[in-house]
There are 4 protein chains.
Amino acid sequence: MSQSDSFRELLLLDVSNEVKYSEKQLKILEAAIETFSEKGYAATSTSEIAKRAGVAEGTIFRHYHTKKELLIAIVSPLMTKLVGPHMAKDFAKNIFEVEYKSFKDFIRNLALNRYEFVKKHSLVVRILLQEISLHDELKEPYMKLFQDHIYEKFKNKIIEFQDKGEVVPLPPDTIIRLIITTIVGTLVSMFVLLPEKQWDYELEMNSTIQLLVNGLIVK
Amino acid sequence: MSQSDSFRELLLLDVSNEVKYSEKQLKILEAAIETFSEKGYAATSTSEIAKRAGVAEGTIFRHYHTKKELLIAIVSPLMTKLVGPHMAKDFAKNIFEVEYKSFKDFIRNLALNRYEFVKKHSLVVRILLQEISLHDELKEPYMKLFQDHIYEKFKNKIIEFQDKGEVVPLPPDTIIRLIITTIVGTLVSMFVLLPEKQWDYELEMNSTIQLLVNGLIVK
Amino acid sequence: MSQSDSFRELLLLDVSNEVKYSEKQLKILEAAIETFSEKGYAATSTSEIAKRAGVAEGTIFRHYHTKKELLIAIVSPLMTKLVGPHMAKDFAKNIFEVEYKSFKDFIRNLALNRYEFVKKHSLVVRILLQEISLHDELKEPYMKLFQDHIYEKFKNKIIEFQDKGEVVPLPPDTIIRLIITTIVGTLVSMFVLLPEKQWDYELEMNSTIQLLVNGLIVK
Amino acid sequence: MSQSDSFRELLLLDVSNEVKYSEKQLKILEAAIETFSEKGYAATSTSEIAKRAGVAEGTIFRHYHTKKELLIAIVSPLMTKLVGPHMAKDFAKNIFEVEYKSFKDFIRNLALNRYEFVKKHSLVVRILLQEISLHDELKEPYMKLFQDHIYEKFKNKIIEFQDKGEVVPLPPDTIIRLIITTIVGTLVSMFVLLPEKQWDYELEMNSTIQLLVNGLIVK
DNA sequence: CATGAATGAGAGTTCATTCAT
DNA sequence: AATGAATGAACTCTCATTCAT
């Protein structure tokens, strides 16, 4: 599946078919994703996006009043995928509201779920990573979303495993940070920093899971 | 020690006193570091740097012919610190050409060495991370430097520990990637992504080391 | 009577019911009058007019091929009111083809007639004043209309009063200019420049008439 | 004296030689005055001004951050001429703080002073008249300046003449309005609306003065 | 008739870079 | 060496106008 297809899918899921995107609008979004991800938001000109999308420059601004609005339109669907209010496939529900046989099961599910996600949306993820710390308009909603919908559930899961004596008695915050750091670091390495390298995805994911499990369970 | 002081130190070490930096030049570099790290390279204007540095716009271009040269001047000293040809404090020599009692010792040294480094140069590290994937002029020398001076030594160390039966028999490349991913992920979280958070640095570093050691040694 | 109503009346008189204006067309004209008069012709965008009128942008151009045509459509009815070929209420006939008992009567009629007119159509008058010196398409017909239909009659009236020894023996052109200047200046002050001021219209008009009469009659 | 010379003089008087204008800056101001006065502020493009001034478009924005700032820079010196705090030639002092033998003397001085002024600065006056009601940034300071520095003195003069039984007992505000309306109307007719007409300036000014004097004195 | 998406020329403005002083 | 005025290309964004629906 191409990146373009993946973004179209992202949009469709996002809005539960409530919003219609015209073909031109999709062309603009796709062109913007490609260019932002190659050169960065600030170094990309709207005229280049227009050229790539095969539309007039004015057309971009008919749909997205400013260049920044275009950036937000690209990056926002990621958020909905994480915590879509009425979405069957939403991440928070699928990962944290499930019973696991073991900590290993939990880590494996989490890691593989994120693996699929980043693999599918690597260009948009790349843009998000590049720009999130430069634009408060992006940073704040993501922080809030993490705090409100993910952090608490994540923490409870960790405490649950600690109570069962399965996981080491480090502060849950630290454990969460280690898990995220390790998984995200792996995915970013493979799909964002060195996407052209011939990775053995299965090996890398399994090793990462193994590191986390062996590193965090009580032996 | 302030970030500015740290950069001055970085420069002095870098050049082994071979190049003289005028006070204006340092002002420019400091202003550029602050602004690049806040807003990103592309979104920073040379006029803003000039204003912050308290110099005329033309002065910047007397020292650095282009804006990109200024970026490179900021980021390059990091490289020399990694593998300075005649430098006592060079990272490669200090970390990889040393005998360790145990894998844990090795990881601890590596992690703490990088901790000190990133803590001291967090602004420049931030700039490097933001820009490296957008500019081939930055990416290539870093890749080459890693390949030529660090990778081989790192790999040998890992194989050494594997031969002793201390480390799990995963491919050395994967182990290297896991170590780097985990340590860099931790440091980036603390100093680049969420620098304003009240981190317990000691706790985070020790936990990270513990994760890597428990996760990678043969039990 | 609102300004919008006044424009509708202006149109109806104008065309002697020969042209039909659709409701949309009237909405467009009203919106254009308001916006042109607030922000000036050049600073008003057709999209803003469309929004105010509650019609699509394209609809404006179906009725008025260009933005300038819209301006002319707004301002032209004023002209017909001045010298409508078959119009009972036309200004030229009503004011200059009438016998007056005295110069004072003449000035009073002239001033009050213009007072009613400007009061009723102040927005359109404002637009005309703003734009007339910037667009030759507006300036020329007005100059010609004044020359052809008003100037000669006005001059004859003045000479008539001078011959009777009632009015000072200044050149008729100068007297015409003084009368127009004074009346128009007064009306513009009250309705165009400072419309929000609480004017005592009767006082101002009477004083203006008094100034002109005392200033121009032979004592 | 050309309009350009007149504006240069305006600037020099304005600032009491405290501010230096570069040759390019003057070229820009002159080009802007010509173009604004011909086509109006909104219909004038900065690129056209640059072309006329023989400078690069960027140069305009080095001196005046926005197009509106350029408009204000053109129109502001007029204000200083009216009420320059330390200026020998300031209008308010010269006209209203002087003893007059008669009302006629006062009106003559006032009219001729304004005549010289508008004649010299007709282009800038034209711009001011065109734009003042469209931009609050212009309107407010002028209203305030009139209120604070001119209105009170003007009113006292009128009351003085009324107390002497020389001037008709209309409300002073109305008399002020009639005087301004008549003089400004005359000057605007001659220099702004129909500058190309072959006016007999002396005749027109004398007639205007005569109208005001005969119209307002007690016989 | 009415619509509003699409256009592309041109608007105001910013910018990295040059160069006379 | 340092300055900062000047440049003109490129930028984001707006606009009057067109046209398929």
Side-chain angles (χ1 to χ4, degrees), chain A residues 22-25 27-28 41-51 53-70, chain B residues 22-25 27-28 41-51 53-70, chain C residues 22-25 27-28 41-51 53-70, chain D residues 22-25 27-28 41-51 53-70:
Chain A
S22 73
E23 201 53 35
K24 296 237 161 180
Q25 232 175 123
K27 280 266 171 60
I28 290 167
Y41 168 78
T44 296
S45 74
T46 49
S47 90
E48 186 177 354
I49 295 170
K51 219 170 285 164
V55 303
E57 211 171 342
T59 307
I60 293 176
F61 290 94
R62 169 157 291 277
H63 294 289
Y64 307 95
H65 297 330
T66 63
K67 191 184 164 193
K68 182 153 276 174
E69 217 169 81
L70 178 56
Chain B
S22 73
E23 198 55 32
K24 296 234 163 185
Q25 231 174 123
K27 279 268 171 57
I28 290 167
Y41 168 79
T44 296
S45 73
T46 50
S47 87
E48 186 177 354
I49 296 170
K51 213 174 290 162
V55 304
E57 282 199 64
T59 308
I60 292 176
F61 289 91
R62 185 150 296 279
H63 294 289
Y64 307 95
H65 298 333
T66 65
K67 190 183 164 193
K68 183 153 275 175
E69 221 169 77
L70 177 56
Chain C
S22 72
E23 198 55 33
K24 297 234 161 184
Q25 229 174 124
K27 279 268 171 58
I28 290 167
Y41 168 78
T44 296
S45 74
T46 50
S47 87
E48 186 177 354
I49 294 170
K51 214 174 291 164
V55 304
E57 283 200 62
T59 308
I60 292 177
F61 289 91
R62 184 149 297 278
H63 293 288
Y64 308 95
H65 298 334
T66 64
K67 190 184 165 193
K68 182 152 277 174
E69 221 170 78
L70 178 56
Chain D
S22 73
E23 201 53 34
K24 295 238 160 179
Q25 231 175 122
K27 281 266 173 59
I28 291 167
Y41 168 79
T44 296
S45 76
T46 50
S47 89
E48 185 178 354
I49 295 170
K51 220 171 284 163
V55 303
E57 212 172 339
T59 307
I60 293 177
F61 290 92
R62 168 158 292 276
H63 294 288
Y64 307 96
H65 297 330
T66 64
K67 191 184 164 193
K68 184 153 272 175
E69 217 170 80
L70 177 56

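Naming: A, B, ... by sequence-line order, numbering from 1 per chain.
Checked against side chain to side chain contact (heavy atoms under 4.5 Å, CB included), A:Ala53 has the following partners two or more places apart in sequence or in another chain: A:Lys27, A:Ile28, A:Ala31, A:Val55. Scanning for side-chain hydrogen bond (donor to acceptor under 3.5 Å, both in side chains) contacts around A:Thr59 gives an empty result, with sequence neighbours left out. Qualifying side-chain hydrogen bond (donor to acceptor under 3.5 Å, both in side chains) partners for B:His65, counting only residues two or more places apart in sequence or in other chains: none. Judged as a salt bridge (Lys or Arg N to Asp or Glu O under 4.0 Å), and not counting sequence neighbours, the contacts of D:Lys68 are D:Glu137. Residues forming a side-chain hydrogen bond (donor to acceptor under 3.5 Å, both in side chains) with A:Glu69 (at least two apart in sequence, or on another chain): none. When the side-chain hydrogen bond (donor to acceptor under 3.5 Å, both in side chains) test is applied to A:Thr46, the partners found at least two apart in sequence or on another chain are A:Glu57.
Between D:His63 atom NE2 and E:dT13 atom P the separation is 16 Å, expressed in whole Å. The distance from atom CD of C:Glu23 to atom P of E:dA2 is 11 Å, rounded to the nearest whole Å. Going from atom NZ of C:Lys24 over to atom C1' of E:dG4 covers 12 Å, rounded to whole Å. Following rounding to the nearest Å, C:Ile49 (CD1) and E:dG4 (P) show an atom-to-atom distance of 17 Å. Atom P of nucleotide E:dG4 and atom CD of A:Gln25 are separated by 15 Å, given to the nearest angstrom.
The CG atom of B:Leu70 sits 10.0 Å away from atom CD of B:Gln25, with the distance rounded to the nearest 0.5 Å. Residue D:Ser45 holds its OG atom at 5.0 Å from CD of D:Glu48, rounded to the nearest 0.5 Å.
Between A:Ala42 and B:Ala43, the shortest heavy-atom distance links the atoms CB-N, 4.0 Å. Heavy-atom minimum distance, C:Tyr41 versus C:Lys67: O-NZ, 3.0 Å.
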Provide a list of protein-nucleic acid N or O atom pairs under 3.5 angstrom, restricted to nucleotides 9-12 of chain E.
residue, atom, partner, partner atom, Å
E:dG12, OP1, D:Thr44, O, 3.2
E:dG12, OP1, D:Lys67, NZ, 2.9
E:dG12, OP2, D:Thr46, N, 2.7
E:dG12, OP2, D:Thr46, OG1, 2.9

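Heavy-atom nearest nucleotides on DNA chain E were determined for C:Arg62 and for A:Gly54, and the one closer to the 5' end corresponds to C:Arg62.
Stem analysis of DNA chain F (at least three stacked-register Watson-Crick or G-U pairs, each with both distances under 3.5 Å) gives E:2-21 with F:2-21.
For DNA chain F, the outermost nucleotides in 5' to 3' order that have an atom under 4.0 Å from a heavy atom of chain A are F:dC11 to F:dT14.
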